[in-house]
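Report on one structure; see the data block that follows.
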There are 2 protein chains.
Amino acid sequence: MDAAWEVARERGLAEITLREIADRIGMRAPSLYTHVASKNAIYDAMFGEAWTQYADEVSRVEADLPQDLAGTLRAYADHFVGFATREPVKHLLMNQRTIPGFEPSADSYAPAVAVMTSFAEHLAPRGITAQEDVDLFVALVGGIADTQLANEPGGDRWTRLIPRAIDMFVRDLEDRNR
Amino acid sequence: MDAAWEVARERGLAEITLREIADRIGMRAPSLYTHVASKNAIYDAMFGEAWTQYADEVSRVEADLPQDLAGTLRAYADHFVGFATREPVKHLLMNQRTIPGFEPSADSYAPAVAVMTSFAEHLAPRGITAQEDVDLFVALVGGIADTQLANEPGGDRWTRLIPRAIDMFVRDLEDRNR
DNA sequence: GTCTATACACCGATAGAC
DNA sequence: GTCTATCGGTGTATAGAC
């Protein structure tokens, strides 16, 4: 797995080859089939590993979440966009599913579901229960991360808009409840 | 080109092969090299063709744009997301650049630049001149399109949030100018 | 000029020897 | 469990027929 991530970061997620992974661990490519069923099974394991790591990190964020809604959304957004820019390859695999022919298995998808469930559970007591509210927030934060990575990887032209975006979103919620 | 789009829509953008394109037009694969320099040159031509079509469509949208800012942004957003959901393969090639090793040439990139320039020129007289305002709008609308396509292709769970998103964004602009 | 035929290096994957 | 040998398929390249 370490070798797979290494190759993915160096050459691109879609460009990993079994021969290159095998080379790095002193093996021949066909020998990998003793441990994994296919190349897609490697992507599946990477998908599960990435989401498990994300779930671990987000649980630490949730451990000391502020009480107010704006601060809570800000903490989630900062962590999500921070993860995406820190680990663009993992973000690509987890959220943009662009690998030809790869569909995550139920097992490796489970931690992703857990993250979303926990997210909803922490938002509810702070006043967000409607699915549309969560959906708009997800699109807004995801749009910032994706636009940043696509147009200016390594920069902050879009990530610095996060505070404004949160503020805009929270005021929208307040106006709608008025 | 028609055959290339056909294969891309049927099997996926990254899955097109020269042999399959050639088959559809009654040719052998190597004969394609008489007309194009490489497979990436085909992607490049597709990229240019897609952005040219988008520019044509958007120029018709701009031909009868309302005077107010909210209506204008709504027209742009509706068209962008409509195009993305109507032509997901073109959207992928144009805006998510996930094809291994493909970088658009300056020529094929030109219509994309023209679209953004015209966009800015139509926003300025309606009160939007700051780059941050344009950036946030782009991220917001792009996030809605991408989230819709990634999580529920063919549905409207996110696209129906467009009116609310525009309203939220315009009220943010008004509040900031107050 | 445009095509066919053929070849090369690489890919994921499988069979079978040890 | 790891290896070698090999398969069909891929992008790419070139020689040569018409």
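All chains are named by letter (A, B, ...) in the order of the sequence lines, taking the proteins before the strands, and each is independently numbered beginning at 1.
- Side chain of E57(B) to main chain of V61(B): no donor-acceptor pair is present (N/O by atom type, distance under 3.5 Å, no hydrogens or angles).
- Side-chain atoms of E132(A) do not come within 3.5 Å of backbone N or O of L136(A) as any donor-acceptor pair.
- Salt-bridge annotation for D167(B) and R74(B): absent, with no side-chain N of the basic residue lying under 4.0 Å from a carboxylate O of the acidic one.
- A pairwise comparison of heavy atoms in A4(A) and I42(A) identifies CB-CG2, 4.1 Å as the closest pair.
- Other residues, nucleotides and ligands place more than 12 heavy atoms under 6.0 Å from the CG atom of D56(A).
- Nucleotide dG9(D) holds its P atom 11 Å from the CZ atom of R11(B), rounded to whole Å.
- Taking five base pairs at each end of the helix from dG1(C)-dC18(D) to dC18(C)-dG1(D) and finding the rotation axis that steps the C1' atoms of four pairs onto the next four gives two axes whose angle is 20°, to the nearest 10°.
- Listed by residue number, S38(A), K39(A) are the residues of residues 38-48 of chain A with a heavy-atom contact under 4.0 Å to DNA chain C.
- Atom CZ of R28(A) has 12 or fewer heavy atoms from other residues, nucleotides or ligands within 6.0 Å.
- Close placement of the H91(B) and F80(B) rings is indicated, their centers lying within 6.0 Å of each other.
- Taking a cutoff of 4.0 Å between a charged side-chain nitrogen and a carboxylate oxygen, R126(B) and E121(B) do not qualify as a salt bridge.
- Considering only side-chain N and O atoms, S31(A) lies nowhere under 4.0 angstrom from the phosphate OP1 or OP2 of dG1(D).
- Under 4.0 angstrom from either OP1 or OP2 of dG12(C) there lies no side-chain N or O belonging to Y33(A).
- Contact annotation: H35(B) side-chain N/O to dT2(C) OP1/OP2 distance is not under 4.0 Å.
- The aromatic rings of F169(B) and F137(B) sit tilted relative to each other, their planes meeting at an angle between 30° and 60°.
- Within residues 16-28 of chain A, the residues having any heavy atom under 4.0 Å from DNA chain C are, by residue number, I16(A), T17(A), L18(A), R19(A).
- Taking the ring axis of W5(A) as reference, the NZ or CZ atom of K90(A) stays within 45° of it and closer than 6.0 Å to the ring centre.
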